[in-house]
Amino acid sequence: MEMQEANQGSEVSPNQTIYINNLNEKVKLDELKKSLNAVFSQFGKILEVLAFKTLKHKGQAWVVFDNADSASTAIAKMNDFPFYDKRMRIQYAKTKSDVVAKADGTFVPREKRKRQEEKGGKKKKDQHHDSTQMGMAMNSAYPGVYGTAPPLSQVPYPGGVKPILPEAPAPPNNILFVQNLPHETTPMVLQMLFCQYQGFKEVRMVEAKPGIAFVEFADEMQSTVAMQALQGFKIQQNQMLITYAKK
DNA sequence: AGCACA
């Protein structure tokens, strides 16, 4: 019995923050953060999502959970998940997030990125900015999202998607009718899911009727592929029910 | 490729 795990070089020790790269750099920051929030909130409460557009940090993001288990699950289930046509690469973040450190009481302002190496003297002269509390959670602030689904190819995801095959009374149509969506679901979220399939054209939602959407493809072969792939996909607690739209 | 806290 070897207790030696194959801890290869690039591993980082568990952290409640995950570091994501290989993100699609064309996506606007605000949308990116919202979508990440949407996708990852299924694994636990999210304290913060950070992303930057500087050269050095493009295509990367940090998602801060309120505990490390959520982060672990998120990595296990979402690493390599296709997201805006690219596969997310996810690891634990290398260091503790500020929002966590502030809650900890271990926060050190980053102007002076000094290590704490005082051996006998404490300096308390600096302003303790304790007034920050964790009330900044954006968990309920963001609209609907995903379970985990098998979009592009082999998504490393065991259980979860239970394709319900509804009797489709409507004949094939290049437009799909999606039902049972959480009311907060945004077109953007649906677009992210459906745009992975060939022939995707657009998502339309009806403000007056929350919970449903129309998704248009170039032809009905393509809409059929998307329908079968995403049938029963979970957005928050809800399984999408997809049928052909009535003509 | 790239691990920060606008």
Side-chain angles (χ1 to χ4, degrees), chain A residues 5-41 43-118 123-142 145 152-153 155-156 188 192:
Chain A
E5 299 265 332
N7 249 350
Q8 297 293 6
S10 61
E11 303 273 327
V12 181
S13 51
N15 188 313
Q16 70 194 76
T17 300
I18 56 174
Y19 167 74
I20 308 171
N21 67 1
N22 199 43
L23 291 167
N24 190 327
E25 300 178 12
K26 288 171 293 190
V27 182
K28 291 175 299 300
L29 278 195
D30 186 55
E31 173 178 338
L32 179 71
K33 291 204 265 184
K34 273 157 75 173
S35 292
L36 287 170
N37 214 289
V39 171
F40 284 100
S41 60
F43 303 110
K45 179 165 170 179
I46 291 174
L47 301 183
E48 195 174 21
V49 175
L50 293 159
F52 313 88
K53 65 158 121 254
T54 56
L55 291 305
K56 194 174 175 208
H57 301 114
K58 286 195 330 192
Q60 300 154 76
W62 289 259
V63 176
V64 188
F65 288 99
D66 79 342
N67 71 86
D69 279 351
S70 295
S72 301
T73 309
I75 292 173
K77 301 236 170 154
M78 299 300 281
N79 188 33
D80 291 328
F81 188 83
F83 189 75
Y84 292 106
D85 296 324
K86 299 191 67 174
R87 290 175 178 279
M88 292 190 276
R89 297 285 133 77
I90 316 178
Q91 303 166 286
Y92 293 110
K94 283 182 181 164
T95 59
K96 186 189 285 185
S97 296
D98 282 0
V99 63
V100 174
K102 284 172 182 170
D104 259 358
T106 60
F107 178 67
V108 178
R110 70 201 163 295
E111 296 182 315
K112 38 171 84 178
R113 279 240 195 108
K114 286 194 148 190
R115 301 170 173 272
Q116 55 281 35
E117 45 189 13
E118 56 270 29
K123 12 186 164 180
K124 290 192 169 186
K125 294 184 178 180
D126 43 67
Q127 58 278 38
H128 276 152
H129 231 27
D130 289 352
S131 55
T132 338
Q133 62 213 20
M134 316 208 351
M136 50 165 333
M138 22 198 322
N139 55 340
S140 67
Y142 283 108
V145 195
L152 284 183
S153 46
V155 175
M188 176 193 81
M192 243 208 42

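Keep in mind that what you see is a predicted model, and the values were worked out from it rather than measured. Just so it is clear: chains get the letters A, B, ... in the order the sequence lines come, proteins before strands, and each one is counted from 1.
Distance Gln91(A) CD to dG2(B) P: 9 Å, rounded to the nearest Å. Taking atom CD1 of Ile90(A) as the reference point, atom P of dA4(B) lies 18 Å away to the nearest angstrom. Nucleotide dA4(B) holds its P atom 13 Å from the CG atom of Asn15(A), rounded to whole Å. In this structure, Leu50(A) places its CG atom 11 Å from P of dA4(B), rounding to the nearest Å. Atom CD in Gln16(A) sits about 20 Å away from atom P in dC3(B), given to the nearest Å. Protein atom CG of Leu55(A) is 14 Å distant from nucleotide atom P of dC3(B), rounded to whole Å. Summarising the geometry, the separation between CD on Gln60(A) and P on dA4(B) is reported as 9 Å, rounded to the nearest angstrom. Rounded to an integer number of Å, the gap from Glu48(A) CD to dA4(B) P is 14 Å.
Applying the 4.0 Å criterion to OP1 and OP2 of dC3(B), one finds that Lys94(A) has a side-chain N or O inside that range. The shortest distance between the side-chain N/O atoms of Lys56(A) and the OP1/OP2 oxygens of dA4(B) is below 4.0 Å. The phosphate of dC3(B) (OP1 or OP2) has no side-chain N or O of Arg89(A) nearer than 4.0 angstrom. Between His57(A) and dG2(B) there is no side-chain N or O to OP1 or OP2 distance below 4.0 Å.
Neither side chain, Asp69(A) nor Ser72(A), offers a donor N or O lying under 3.5 Å from an acceptor on the other.
Between Arg89(A) and Tyr19(A), the closest side-chain pair of non-hydrogen atoms is not below 4.5 Å.
Using the six-membered ring where Trp is involved, Phe65(A) and Phe40(A) have ring planes that are perpendicular, over 60° apart on the 30 and 60° scheme.
Among dA4(B), dA6(B), dA1(B), the nucleotide with an atom closest to any side-chain atom of Lys53(A) is dA6(B).
With its ring centre under 5.5 Å from that of the base six-membered ring and a plane angle below 30°, Trp62(A) counts as stacked on dA4(B).
Closest-nucleotide positions on DNA chain B for Glu25(A) and Leu29(A) were compared, and the one nearer the 5' end corresponds to Glu25(A).
Nucleic acid contact for Ile20(A): none, since no nucleic acid atom lies under 4.0 Å from a heavy atom of the residue.
Residue Thr17(A) places no side-chain atom within donor-acceptor reach of the base of dA4(B), judged by atom type and a 3.5 Å distance cut-off alone.
Checked against ring-ring contact (aromatic ring centres under 6.0 Å, His included), Tyr92(A) has no partners two or more places apart in sequence or in another chain. In this structure Gln16(A) satisfies the side chain to side chain donor-acceptor pair (under 3.5 Å) test with no other residue, sequence neighbours excluded.
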